[in-house]
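Read the structure below first, then the notes.
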Number of protein chains: 2
Amino acid sequence: MDHAAGEAAVRRQAQLTKPPGALGRLEAVAIQLAALQGVERPSLERVRIAVFAGDHGVVEEGVSAFPQAVTGEMVKNFARGGAAISVLARELGAVLEVVDLGTVNDPGPLDGVLRARLGTSTANFICEPAMTAEQLEQALATGRAAVERALAAGTQLFIAGEMGIGNTTAASALTCALLGLSGGAMAGPGTGIDASGVARKAAVIDRALALHAERLSNPVEALRCLGGFELAAIAGAAIACAQRGLPFLVDGFIATASALAAVRMQPGVRGWLLFSHASAEPGHARLMQALDAQALIDLGLRLGEGSGAAVALPLLRLACALHNDMATFAEAGVSEKQ
Amino acid sequence: MDHAAGEAAVRRQAQLTKPPGALGRLEAVAIQLAALQGVERPSLERVRIAVFAGDHGVVEEGVSAFPQAVTGEMVKNFARGGAAISVLARELGAVLEVVDLGTVNDPGPLDGVLRARLGTSTANFICEPAMTAEQLEQALATGRAAVERALAAGTQLFIAGEMGIGNTTAASALTCALLGLSGGAMAGPGTGIDASGVARKAAVIDRALALHAERLSNPVEALRCLGGFELAAIAGAAIACAQRGLPFLVDGFIATASALAAVRMQPGVRGWLLFSHASAEPGHARLMQALDAQALIDLGLRLGEGSGAAVALPLLRLACALHNDMATFAEAGVSEKQ
């Protein structure tokens with residue numbers, strides 16, 4: 001974080017041909033990006049979206065509306081360009097990278113998909129920890145490696161998305177552990193389960209919280225016991241972004257749970273996070289509150305894949321363009337406030 | 001409005017590779033645009049932004065934080081590319097057209113500015129109607145003509161912006177007349193007056209409402225007595241868009257007041273309006289409620305010029321891209337909900 005660049009951006013905003021404050025939160029976004037990028041005029045031309053995919057052992061408890069095969073099927077759909085995030089990345093001119101961390105339905109080698117498989121799925125966390133210590137370490141490292149590739153390509157903003165049938169259950173359980181909540185406080189419909197499914201999900205989370213209770217005060221252990229391959233990769237990416245000075249735009253429910261885990265592991269991560277959207281998944285508001293975060297958009301999205309962050313990206317880009325390219329009062333010969 | 005196209009769009013949304021409803025309001029936006037454009041797959045490639053500028057006689061009552069010369073100065077700034085809306089139009093690849101309807105500080109002939117001056121400003125509406133019947137008719141016709149030019153250029157979405165020192169006072173007064181409110185219910189800080197300025201503004205509005213009371217039940221007369229050249233042009237443009245079948249994206253406080261006047265003049269206008277943002281000007285919420293409208297973004301913007309609509313445009317475009325370009329479950333070989 002570069003305070004001098006942030007202050008230069010504040011001074012620039014005050015000189016632009018508009019009433020002070022009239023661009024609302026777009027002014028704060030431009031100033032924040034200036035401070036993070038260490039320049040008076042920030043840029044978001046080069047954006048990288050990494051989508052991490054992984055399956056979840058807990059799906060055998062009947063917590064998801066979609067069959068588990070969908071995770072691998074969607075990896076193929078990402079690669080072929082037919083998924084929401086594929087369309088968004090194309091429209092935004094962002095680089096899309098897909099990382100297969102382990103799916104029940106192995107899509108096999110695919111162009112544009114990095115194979116970093118740690119198994120076919122996590123373990124069912126109502127029986128044992130979701131990941132071994134080695135799997136967790138590898139998943140975190142996979143996230144870090146994605147950030148290193150992004151930096152090598154000159155990326156100015158990193159977005160982490162995810163795909164994993166069952167991962168709202170894992171993200172809810174992880175959040176419960178980090179915030180000291182019970183399953184009922186976080187379980188929601190995910191991709192579309194009904195009220196009895198939500199109740200089952202809450203009970204499954206409570207069983208897992210009880211099983212792993214002694215380990216959950218440590219955020220690394222909470223992530224290992226209750227998280228997932230893709231959640232851990234996102235946490236690893238967020239930590240790497242903070243360490244390497246790359247702004248990280250947080251997507252919705254799953255990504256925010258991972259970001260919270262990352263912040264609990266390394267508090268300095270918080271300063272490198274920008275927040276994109278308010279998810280329709282009910283528990284997201286609690287996560288945002290815990291991170292003292294405010295979303296830019298609230299459109300009822302609940303798709304994941306990084307889609308909410310991608311949809312918000314044009315607002316960040318326009319904030320930069322306005323900040324960088326508007327004339328000052330002096331340049332335009334416009335009278336200032338009386 | 002083409003119901004068959006809308007229904008085809010609804011069916012298409014249900015087949016895309018995402019949980020039903022997971023794209024939230026972006027799904028509704030795409031379906032609405034499909035129905036309005038009469039095609040299953042809508043497009044917003046060609047967008048026109050017309051900024052209407054005009055001065056206000058009521059400014060002599062001390063209702064604005066900026067000097068009146070700013071209206072003409074900003075017309076020059078639009079033309080030179082330094083204003084917020086100039087930057088946004090460039091970034092969005094939208095055509096920007098500026099229409100000078102009459103300013104105290106005449107900017108003179110400028111490239112990219114259409115001269116359609118009806119005087120140097122409206123009359124001070126606490127003494128007499130803001131416009132003569134002829135001025136109102138010409139302002140409405142100027143808005144209609146902008147829509148005709150847009151249609152000739154193949155425009156798929158029309159945005160009307162405005163510039164006019166004092167126009168939050170005019171828009172507030174007009175809204176009070178249309179909704180039966182007193183000045184205190186609508187007067188706000190505008191470009192940045194303090195609490196005593198807001199109280200003065202409310203009192204000025206109440207005097208105008210009393211002076212013109214007998215005429216205000218007729219929305220045309222309300223617009224003539226209390227509006228402004230640019231407000232009338234926006235109303236004329238909205239009516240023309242509805243008559244000619246061109247979707248109209250409503251900007252913030254001023255444009256929404258004009259849109260409400262247009263809807264009161266021609267109720268069929270409502271169906272052709274899309275709403276972009278929630279303005280920080282306090283009275284905007286009341287206008288949106290009166291139009292049963294929901295904003296897409298709420299970023300604390302209060303600049304006018306069409307800037308809020310322009311900032312929201314990428315969300316509408318991404319809604320179309322997702323709707324048009326995502327793979328269906330069948331195309332992608334992805335399993336559907338259990």
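All chains are named by letter (A, B, ...) in the order of the sequence lines, taking the proteins before the strands, and each is independently numbered beginning at 1.
Within the structure, side chain to side chain donor-acceptor pair (under 3.5 Å) contacts touching residues 56-66 of chain A (residues at least two apart or in different chains) are A:His56-A:Glu230, A:Glu60-A:Asn124, A:Glu61-A:Asn124. Judged as a side chain to side chain donor-acceptor pair (under 3.5 Å), the pairs with a partner in residues 77-94 of chain B (not counting sequence neighbours) are, in order, A:Thr17-B:Asn77.
Counting heavy atoms from C-beta on, the side chains of A:Phe253 and A:Thr168 come closer than 4.5 Å. Between A:Leu96 and A:Ile85 there is a side-chain heavy-atom pair separated by less than 4.5 Å. With a 4.5 Å cut-off on side-chain heavy atoms, B:Val47 and B:Gln156 do not count as touching. B:Asn105 is not listed as a side-chain neighbour of B:Thr71, based on a closest heavy-atom distance of 4.5 Å or more. Counting heavy atoms from C-beta on, the side chains of B:Phe66 and A:Pro19 come closer than 4.5 Å.
Contact tally against chain B (heavy-atom pairs below 4.5 Å) for A:Asp325, A:Val29, A:Leu313: the top residue is A:Asp325. Counting heavy-atom pairs closer than 4.5 Å to chain B, the top-ranked of the candidates A:Ala312, A:Ala84, A:Pro314 is A:Ala84. With chain A as partner, the option from B:Glu331, B:Met74, B:Lys76, B:Glu73 having the largest number of non-hydrogen pairs under 4.5 angstrom is B:Glu73. Interface check for chain B: of the options A:Gly82, A:Gly81, A:Ala280, the most heavy-atom pairs under 4.5 Å are formed by A:Gly82. When each of B:Thr328, B:Leu315, B:Leu88, B:Ile297 is scored by its heavy-atom pairs under 4.5 Å with chain A, the top score falls to B:Leu88. Contacts with chain B were tallied for A:Leu92, A:Asn324, A:Asp298, A:Leu296; A:Leu296 has the most, counting heavy-atom pairs under 4.5 Å. The candidate with the highest count of non-hydrogen atom pairs below 4.5 Å against chain A, out of B:Glu336, B:Gln294, B:Gln338, is B:Gln338. With chain B as the partner, the residue from A:Val311, A:Val334, A:Val70 showing the most heavy-atom pairs under 4.5 Å is A:Val334. Among the candidates B:Gly72, B:Pro67, B:Gly21, the residue making the largest number of heavy-atom pairs closer than 4.5 Å to chain A is B:Pro67.
Among all heavy-atom pairs drawn from A:Glu305 and A:Phe78, the shortest one is CD-CE2, 3.6 Å. Heavy atoms only, all atoms of each residue included: A:Pro42 and A:Ala30 are closest at CG-O, 3.6 Å.
Take A:Asp100 and apply the salt bridge (Lys or Arg N to Asp or Glu O under 4.0 Å) test, not counting sequence neighbours, and it matches A:Arg117.
With hydrogens and angles left out, the side-chain atoms of A:His323 and A:Glu27 include no donor and acceptor closer than 3.5 Å.
Chain A is approached within less than 4.5 Å, heavy atom to heavy atom, by B:Gly192 from residues 192-201 of chain B, ordered by number.
Looking at B:Ala319, there are no atoms closer than 4.5 Å to chain A (heavy atoms on both sides), in backbone or side chain.
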